[in-house]
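In what follows, chains are A, B, ... by sequence order, proteins preceding strands, each numbered from 1. Keep in mind that the numbers below use all heavy atoms, side chains included, and drop hydrogens, waters and symmetry copies.
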There are 2 protein chains.
Amino acid sequence: MSGKPYYAPPPGPPPNDGSQASEDQEEDVENETEASHTRLISDIKDYLLTHGHLLKVVRFETPSRVPAVGVNVSCRPTPFPRRLFQHAMDLQPAMNELYIRAASDDEWLHSVLRPQIEGEPDGLVASLWDVWVKCREVGVVQEEVTLRQVEMNTFSVAGACHAEGVAGMHRWLMQREAAEMDDIKPLPHLGDLPADTNTSAIVSGLSTAHKLYQSQHPNDHSKCILMVVQPLNFNIADERPIEYGLFACYRCEWRDVLNRCHVGPSRELLYQPPASGKRKASKMFEVSVVYYRAGYDMEEYNSDGVKTRSMLELSRAIKCPGVKMHMVGMKSVQRALAEPGVVERFLPEARQAGEVQRTFLPMLPLDSSRQGLEARRLALDPETAVDYVLKPNLEGGGHNVFRADIPAYLSGIPEEEWERYILMRLITPPTNAEPGILLTSEEVYEGPVVSELGVLGFAMWRSMTPGNGRKDGGGEVEILENEAVGWTFKTKPRSVDEMSVVKGYGCFDCPLLT
Amino acid sequence: MSGKPYYAPPPGPPPNDGSQASEDQEEDVENETEASHTRLISDIKDYLLTHGHLLKVVRFETPSRVPAVGVNVSCRPTPFPRRLFQHAMDLQPAMNELYIRAASDDEWLHSVLRPQIEGEPDGLVASLWDVWVKCREVGVVQEEVTLRQVEMNTFSVAGACHAEGVAGMHRWLMQREAAEMDDIKPLPHLGDLPADTNTSAIVSGLSTAHKLYQSQHPNDHSKCILMVVQPLNFNIADERPIEYGLFACYRCEWRDVLNRCHVGPSRELLYQPPASGKRKASKMFEVSVVYYRAGYDMEEYNSDGVKTRSMLELSRAIKCPGVKMHMVGMKSVQRALAEPGVVERFLPEARQAGEVQRTFLPMLPLDSSRQGLEARRLALDPETAVDYVLKPNLEGGGHNVFRADIPAYLSGIPEEEWERYILMRLITPPTNAEPGILLTSEEVYEGPVVSELGVLGFAMWRSMTPGNGRKDGGGEVEILENEAVGWTFKTKPRSVDEMSVVKGYGCFDCPLLT
């Protein structure tokens with residue numbers, strides 16, 4: 001999660017500040033609903049500030065200061081069916097397994113990604129595939145660990161720390177509200193707010209991997225976890241809590257990796273932090289786990305970027321996640337997994353294969369296959385396009401084109417580039433019966449809302465092929481750890497298509513299980 | 001602690017942002033000192049943001065957002081003699097006792113404050129004294145609890161939460177630095193950073209008072225602590241953590257107290273929070289403890305303000321602190337306590353009376369006494385004025401006039417107002433041998449620094465006079481709790497006179513005990 005800050009304090013005279021409502025309250029004490037509203041929003045603003053659930057306003061950073069503003073949040077927990085929440089959590093291990101097995105099948109993965117690799121030889125997928133081929137030639141030497149979500153994010157999953165923080169905020173608000181009720185029964189709904197311990201789950205997952213590495217490589221080197229990060233990230237409040245939870249975890253900017261790291265004779269990844277205090281140089285650490293919070297933007301893969309990724313992947317450090325798990329997160333792979341029979345192929349023994357299959361939304365390629373030609377027709381016709389979203393054939397969210405914008409967008413780019421997108425029917429999520437209240441960067445929104453649940457999974461596995469590095473890279477895996485460890489929950493105005501916190505629409509929220 | 005925000009993001013094009021140093025680093029990897037510096041400042045900015053050690057930029061608050069910036073901090077713990085640190089902590093209970101006993105002696109207190117009460121009948125001291133006289137007439141009905149510092153702040157002590165947070169930051173930085181050292185000996189200096197648990201100490205103190213009240217008034221009312229606060233406070237990060245630590249603590253703005261509170265037939269103070277959620281009204285709470293974070297500015301004592309303070313003081317709630325402990329914090333009282341024999345009078349049995357006496361700095365009144373006339377001469381002569389500071393005869397810090405500014409300032413106000421000030425010789429604190437690095441609102445300061453230690457004490461006591469309300473208000477007290485519970489430590493550039501965090505000079509810091 002990175003990009004331009006969406007908040008800039010307006011120049012000139014200060015805007016209408018939050019005190020207005022407070023003064024109204026003075027004039028109209030009887031209006032308790034208004035007072036309740038004012039109080040709630042003021043409490044939330046302060047809670048976000050005092051708990052560090054903030055985004056940097058990097059544009060206004062000075063040498064000694066960086067301003068920050070709260071993340072978007074929902075002012076009330078939004079109702080969500082308990083059954084579906086539990087189902088999503090229960091399905092997560094099968095989801096993890098599906099992606100692990102798909103990522104371990106080189107032949108299948110290459111067949112899915114081939115159009116992208118060959119169609120865009122300088123593109124992100126081709127770069128990642130090249131890194132993988134190089135690793136395969138040298139031989140794979142390490143386990144992998146990953147953290148992922150139902151929505152197929154396998155790489156640099158953001159939002160986990162904010163989600164936990166906002167869930168905590170809703171617990172605090174509800175606890176207090178309960179204490180103000182006249183009836184004796186304490187905390188009536190607190191059990192309906194699921195607990196969220198994302199940060200400690202990620203910390204614990206990375207620690208587990210770190211300990212595994214330490215036990216496998218008992219040498220004199222001090223070990224550390226390396227968090228590879230983007231520069232000038234305004235969303236550090238979603239990264240730093242993970243670092244604070246680990247004893248030896250260093251942030252290294254993507255562009256500094258080649259300067260600060262090198263690979264030793266046993267393919268150990270060595271990292272030297274900048275000096276601190278009065279010492280001339282820090283000691284060297286051996287990296288146990290590479291935790292990627294950078295390396296997902298095409299712009300990061302110039303020649304140095306490719307070298308960076310290759311060095312990290314070729315090392316014996318545990319990658320979270322490795323390059324193949326990164327590639328398996330591409331939309332084209334998701335589309336291929338959704339095709340009939342594929343889930344069953346990768347999960348022959350899982351009793352949940354059918355249920356996993358049913359969670360996939362149909363996606364259409366925009367290539368020259370029969371299916372692709374049909375998709376092109378749907379996308380170019382304004383009458384049918386309104387039910388679809390056009391997504392770049394990459395991993396992660398963003399850069400989507402919605403509904404009526406699709407025909408003009410496609411017409412504006414060369415036809416040979418259409419293959420880089422997939423077409424997906426927009427789901428029509430149920431609107432909540434009650435209007436929500438959302439604090440966005442622009443306004444206090446009150447009106448109909450829709451929500452989105454994400455599940456955070458943790459898995460660790462190793463290749464079971466001889467020498468731990470079969471030349472074709474495929475084959476059996478042993479899954480060491482596999483569980484659902486947390487969730488994120490976001491809510492947006494009904495009328496907005498994109499659930500983007502970065503763009504200022506989506507708001508962190510907590511489900512109120514019904 | 002309140003006032004105008006001292007940070008406003010500049011309008012127009014963004015300033016030179018923090019990335020500059022980062023780019024330099026890229027070009028010049030060998031300069032590890034520079035890299036170390038950049039890393040330290042970046043780490044500190046992020047730590048403050050993610051831990052909520054921030055000030056609101058209230059001027060730029062919008063209905064849905066309020067920007068915030070980090071508090072001023074020192075980048076390195078500043079050396080401070082362990083012996084003096086321990087001495088200050090050891091002396092705190094005697095200090096507490098001195099102020100409790102002085103506050104309990106009406107006759108003495110009135111003789112000290114009379115010039116202010118009579119000289120400025122509409123002033124703050126006169127208003128507070130009137131409140132006290134009213135309470136005395138009705139009869140005192142409750143214990144008092146207070147939190148205070150060596151510097152004679154007995155009311156609304158600010159900075160405790162930030163101090164704890166910044167101490168934690170320095171522990172984290174030092175822990176990590178230690179881990180990067182080549183030698184095995186772990187955490188070499190961590191024992192030299194004293195622990196700071198101010199927030200939990202304040203929470204624990206308020207809870208103790210709350211429980212005492214509950215045990216004395218076992219009725220069916222739910223009890224709560226009422227934190228009386230100023231509106232639009234940019235420093236909520238120094239208040240909210242106390243609220244979060246308590247189960248039932250409500251913030252009520254000074255100007256809302258008369259609307260939200262009333263006194264019941266047994267002089268119980270009743271408070272109704274604004275409605276929350278969908279209920280039309282919250283239930284009523286009985287206030288166990290009034291914790292003042294407002295009510296120290298003269299502007300707050302219009303006729304409603306006086307009614308507010310009177311209602312709170314007349315109620316049976318425990319006040320933290322009561323009006324007399326507020327008045328005993330005035331500079332004129334401090335001056336009177338410093339006079340020979342006074343400490344011994346109030347602490348006849350304390351073996352530390354002499355040590356307490358020695359901590360007082362000589363202060364001179366600017367009245368028409370012989371001492372006062374001598375003080376006037378010193379203050380008006382530019383050659384002698386440079387060694388002095390002119391302080392308003394009030395409680396707390398701020399509004400000081402320094403050195404060469406004094407003669408012109410006094411000439412600019414009517415001579416009859418001079419009595420409202422006291423003259424104090426400026427202490428010349430030892431400059432630290434090593435230059436400090438301070439992150440202030442304006443700059444990264446590097447140069448000579450001086451530090452100031454504050455000690456946070458907690459005490460609870462009750463009047464021992466018959467009926468718990470002797471008509472003259474004076475007399476014996478029983479001290480129930482009395483201890484030093486924490487500290488604050490601030491550092492400023494050597495060349496700046498005022499240790500004001502609000503004005504952007506003073507920086508929160510942690511002593512490195514030597």
With side chain to side chain contact (heavy atoms under 4.5 Å, CB included) as the criterion, how do B:E243 and A:W172 come out once you've worked through the C-alpha distance, each side chain's angles and the decisive distance to 0.1 Å? CA-CA 11 Å; B:E243 177 188 358; A:W172 177 73; 3.7 Å; yes
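- In this structure, A:I41 CD1 and B:S64 OG are separated by 8.5 Å, a value rounded to the nearest 0.5 Å.
- Two residues are said to be in side-chain contact when any heavy atoms from C-beta on lie closer than 4.5 Å; A:R39 and B:P273 meet this criterion.
- For the pair B:F247/A:R176, no side-chain contact is recorded, criterion being any heavy-atom separation below 4.5 Å from C-beta on.
- Separation of atoms CG (A:L439) and OG1 (B:T62) is listed at 9.0 Å; rounding is to 0.5 Å.
- Residues B:R65 and A:S441 are in side-chain contact: their nearest non-hydrogen atoms beyond the backbone lie under 4.5 Å apart.
- Looking at A:A248, neither its backbone nor its side chain comes within 4.5 Å of chain B, counting heavy atoms on both sides.
- Of the atoms belonging to A:L40, not a single heavy atom falls under 4.5 Å from chain B.
- B:H51 has its side chain within reach of A:Y244: a pair of non-hydrogen atoms, C-beta onward, lies under 4.5 Å apart.
- Heavy atoms closer than 4.5 Å to chain B are found in the side chain of A:Y250, but not in its backbone.
- For the pair A:R240 (side chain) and B:T50 (backbone), a donor-acceptor distance under 3.5 Å is absent.
- Counting heavy-atom pairs under 4.5 Å between each of B:V444, B:L438, B:I236 and chain A puts B:I236 at the top.
- Using a 4.5 Å heavy-atom cutoff, the side chains of A:S42 and B:R251 are not in contact.
- Shown here for A:L54 and B:L49, the closest heavy-atom pair between the two residues is CD1-O, 3.6 Å.
- For B:F285, the part lying near chain A is the side chain, with the backbone staying farther off; criterion is any non-hydrogen pair under 4.5 Å.
- Counting only distance, with no hydrogens or angles, the side chain of A:K56 and the backbone of B:D46 share no donor-acceptor pair below 3.5 Å.
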